[in-house]
Amino acid sequence: MTLDCHDLVRATRRLAAATAAAKDTLNAQDGKLGDGDLGITLANGWAEADSAELPTDDLGRAFMVLSKAFQRVSASSYGTLLATGLMAAARAAKGRESIEMTEISGLLAAARDAMMARGRGELGQKSVLDVLDALAAATADLAEREEIARAARISVDRTLEGFRQRPAGLGRARMYGDASIGLDDPGMLAVKIMLDGLMA
Amino acid sequence: MTLDCHDLVRATRRLAAATAAAKDTLNAQDGKLGDGDLGITLANGWAEADSAELPTDDLGRAFMVLSKAFQRVSASSYGTLLATGLMAAARAAKGRESIEMTEISGLLAAARDAMMARGRGELGQKSVLDVLDALAAATADLAEREEIARAARISVDRTLEGFRQRPAGLGRARMYGDASIGLDDPGMLAVKIMLDGLMA
Amino acid sequence: MKKILNDPTDFVDEMLDGLIAAHPDAYSLPHPRVVARPGGAKEGKVGIVSGGGSGHLPVFAGYVGHGLLDAVAVGDVFASPSADQMADCMRVAHGGAGVLRLYGNYGGDVMNFDMAGETVEFEDDIESTTVLLADDVVSAPPEEAAKRRGTGGMVYAFKIAGACAEAMGDLAHVTGIAQRTADNCRSIGMALTPCTVPQAGKPTFMIGEDEMEMGMGLHGEPGIWRDTLKPADAITDEMMDRLLADMPLKHGDRCSIMVNSLGATPPEELYIMYRRAKDRLDGDGVVISMPLIGRYATSMEMTGATITLCKLDDELENLLRKPCHCAFWVQHDLT
Amino acid sequence: MKKILNDPTDFVDEMLDGLIAAHPDAYSLPHPRVVARPGGAKEGKVGIVSGGGSGHLPVFAGYVGHGLLDAVAVGDVFASPSADQMADCMRVAHGGAGVLRLYGNYGGDVMNFDMAGETVEFEDDIESTTVLLADDVVSAPPEEAAKRRGTGGMVYAFKIAGACAEAMGDLAHVTGIAQRTADNCRSIGMALTPCTVPQAGKPTFMIGEDEMEMGMGLHGEPGIWRDTLKPADAITDEMMDRLLADMPLKHGDRCSIMVNSLGATPPEELYIMYRRAKDRLDGDGVVISMPLIGRYATSMEMTGATITLCKLDDELENLLRKPCHCAFWVQHDLT
Ligand SMILES: Nc1ncnc2c1ncn2[C@@H]1O[C@H](COP(=O)(O)OP(=O)(O)O)[C@@H](O)[C@H]1O
Ligand SMILES: Nc1ncnc2c1ncn2[C@@H]1O[C@H](COP(=O)(O)OP(=O)(O)O)[C@@H](O)[C@H]1O
Ligand SMILES: [Mg+2]
Ligand SMILES: [Mg+2]
Ligand SMILES: [Mg+2]
Ligand SMILES: [Mg+2]
């Protein structure tokens, strides 16, 4: 099974719909320990991406268009990190019409690494990084769309659960120290929402 | 009967005591429609006057020392007006060791006129000017200290009563319009307190 | 009281200590509560003095400087300085060419400055004149314009008369220029939250969470109406309407405009107001020269803004654009 | 929300409109949300760019000017500009000699400026460097000084590096000077009341009627402790203690000191604080050069103050005292 530019166009459309629907929920979650803009960030970013013209023959350049969309319309941490992750995927897929599903895990890992470099963050600090890290591991060597979907869902839920009782160590939420204990990291939650949207 | 520099020294002492005692009352009254400093103004001014050295041979210069004391320590309207009135008395008594009690009415009138010029105020605006005007009229031609005292007291009470239900037309209280109706003008009340002090 | 201070009774004197410690090249304190340019009066130059209550920085002490004022008398917060201090202030500013008393039309200040004027005339043979700023259109109707209180117009008068005196104009000329500036200024204010006088310890007025008061004075004097807070453009329109009704400006007229914060209102909001005010004047074909946007005449931490229009002729505009220099306002020569 | 504005979503753009309408000689808007000097980049001069959230005027846009910054990217209130805007900003500032990115250490700003730097390096061959201000001593312990956030130190860095670039220093030199300034700055803040982000419509934090928070950040980030309001001298002492513990100054050392209002706190109160701070430094034999008292880095209408110490050597002091010119800060040559 492969992933090509048309898949990416479809995925973008779904992500735009899912994040538009979840906008208020995500804003509210981000507002508990931050500035309450995460819903806007995602909805605006994916809407912009959805309205952009994606190339059909170069998956790398297609990822780059998505990255640029986030660079244009969002300056909040998550938008910039997503743009960074998408750029890493762009680099990895550059010049290819499609990739194998087995390569998805590698793209996730590449995104994770680029985002760690960009945000000077580490694993274990209760952020989107931990979700990506777990996802990369959970999807390693899987070749079927359904398999990947199932593994990803389980992995995200487990990661959320595993970090819930830990304090935030990155971003705005870090300032709140122990007040963040018991609350899901909004950036992790956003991945769950995007994943659900992709599979809807 | 006459009034000389020694009388003025004694009067100043009494005024210092009376205004010190009435400080809070007057502040409170002024605070209802103003900045609540009238008690301080009077207490500080008369204390400063009381601690000054008065000449013994020139009633005019003695009044001038009192005026200067108010110029030094008070910049609130009432202090400046009192300084102005005292300066008018100084001018009228200049070079004389004493004056006749019958001249007191004239000094009050001179003070009233100087204070009207200084403060650009008119009679009938519910201010210290109206009290002085009534006092000058009530004490005209009286030669005995007791007579003057009795007439003055009656005059001040009548003036207070006559203006109580009218709105303030001068100074800070004017801003409050009809809210000043029913309240005594603090500047008038101050004259009553000083008069009571003089006669104590 | 949410203020950074020590004993409230020391507020003004400690403030002056700090001001002079920070800017010894700009300000000196030749007498208690008298701020003057260091180095004394300049021989042959008309001295310009001002004064009034504290709590309005840069008004008054801040505007002592080159091309501005020579000395000011500093009162307690929102209270007149004494006649004694004003007399000292005039003596310090006198360079042999007379002194202009240039300040806002507030009862206590007027009484004390008049008394001081008489004193220095009598004791020191100092010739002096008075120009009062009475630019706040809300404080009295046009028929009683002389009763109006002074506000932002003071800053234009300090600047323009200051430049005239710096150019060695004589007392009559400097006074005439100051008076023409005063006659050409119109102001209006609006307030959103009060300030607290340190010695009083409580707010100068009360106002609801979503209310504004249009026309309120610098010390919390009541305005025209109190209403729920409106959008910036509507507020600016209403203020401009009132100003232009009082002093119509026609196509080709020139003016400066000051959008001034009462203290807490940030420059961001002033620029939003200026944007609208400029649109209005542009639409009428009125030419703006040297707009002033910022904190020029304040009431400590009060929230709100004032707008001042100063109509300019060639001479006033030229003087306005001359250089000036104090700790709060440095302007290069724009003529 | 007691603010003078129209639609909150237009707050920043209307503010910029007004800023540029008021000062067309000082500022231009070559791209949306990018403020630059009019006339474009100077051939051969190192460009200095900065940027970050709005609501801090004069930081950031206000400091575009001669002897200061060349261009800034303007974000929403308290929010980073986008990488796209930052890239445009760098392109505008590039005069062929490279660009220094000089700004405060806030996560979002850093990520976006890094991304922008990579973009213009790749797409436009612009050589660039980064210096981050991390001067707020409360925001992380000395061992993690690189994690500290930037505050008043930014102003010193803009001024000093700006003068160096104006003197046609090359990119390495300007970057080195900026870094040395950043290394020599320490700041601490305290807040009494919050401000309101227009699009949020509610205060950034809650605090009791008689409480203060020592060490609070520019956006309401928590500080060291919250306590009942103390006298000005005690507050100043505690702030100076923390600063001097982090960067000891000895007899004969020179420094500048900034006593900065977060917005609503009036200059009167800043002078009372300066008075005490100067006493402290005088007592230690530390020489103060060019103290800055006023509103240099604000949080809209927040009440509170920050103190910044900037230790000076000959070169830094000389650059600090060079002239600069923007709508918020005009300084004559003091060298
Ligand atoms: N430096 C960082 N590295 C990795 N993830 C981060 C970082 N900073 C924030 N995040 C993630 O981003 C989420 C917040 O995103 P967003 O609301 O856009 O931040 P902000 O509005 O504070 O800029 C957090 O929940 C966290 O998962
Ligand atoms: N212009 C004026 N002419 C005459 N009397 C005045 C004038 N202004 C104020 N007063 C009197 O002074 C009193 C208030 O005095 P004071 O408290 O010193 O005034 P303020 O504090 O407002 O300067 C008033 O009650 C009134 O009697
Ligand atoms: Mg957020
Ligand atoms: Mg954000
Ligand atoms: Mg009073
Ligand atoms: Mg008073």
Can you check side chain to side chain contact (heavy atoms under 4.5 Å, CB included) on A:Met188 and A:Ser127, steps first, answer last? CA-CA 6 Å; A:Met188 290 190 181; A:Ser127 80; 5.8 Å; no
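Between A:Thr2 and A:Arg145, the shortest heavy-atom contact is O-NH2, 3.4 Å.
Side-chain contact, D:Arg148 with D:Ser139: no donor N or O sits under 3.5 Å from an acceptor N or O.
At distances below 3.5 Å, not a single donor-acceptor pair connects side-chain atoms of A:Asp30 with backbone N or O atoms of A:Pro186. Side-chain N or O atoms of A:Tyr78 include one that pairs as donor or acceptor with a backbone N or O of A:Gly187 at under 3.5 Å. A distance-only check finds a donor-acceptor pair linking the side chain of D:Ser54 to the backbone of D:Gly75 [under 3.5 Å].
For D:Glu118, the part lying under 4.5 angstrom from a heavy atom of chain A is the side chain only. A:Ala83 touches chain D through backbone and side chain together, each having a heavy atom under 4.5 Å away. For D:Tyr106, no part sits under 4.5 Å from any heavy atom of chain A, backbone or side chain. Interface remark: D:Ala83 contributes backbone and side-chain atoms alike to the contact with chain A (heavy atom separation under 4.5 Å). Neither the backbone nor the side chain of D:Thr204 comes within contact range of chain A, judged by heavy atoms closer than 4.5 Å. Interface remark: A:Ser77 contributes backbone and side-chain atoms alike to the contact with chain D (heavy atom separation under 4.5 Å).
Ranked by heavy-atom pairs under 4.5 Å with chain D, the list A:Arg120, A:Arg118, A:Arg72, A:Gln71 is led by A:Arg118. The candidate with the highest count of non-hydrogen atom pairs below 4.5 Å against chain A, out of D:Ala79, D:Ser82, D:Pro222, D:Pro81, is D:Ser82.
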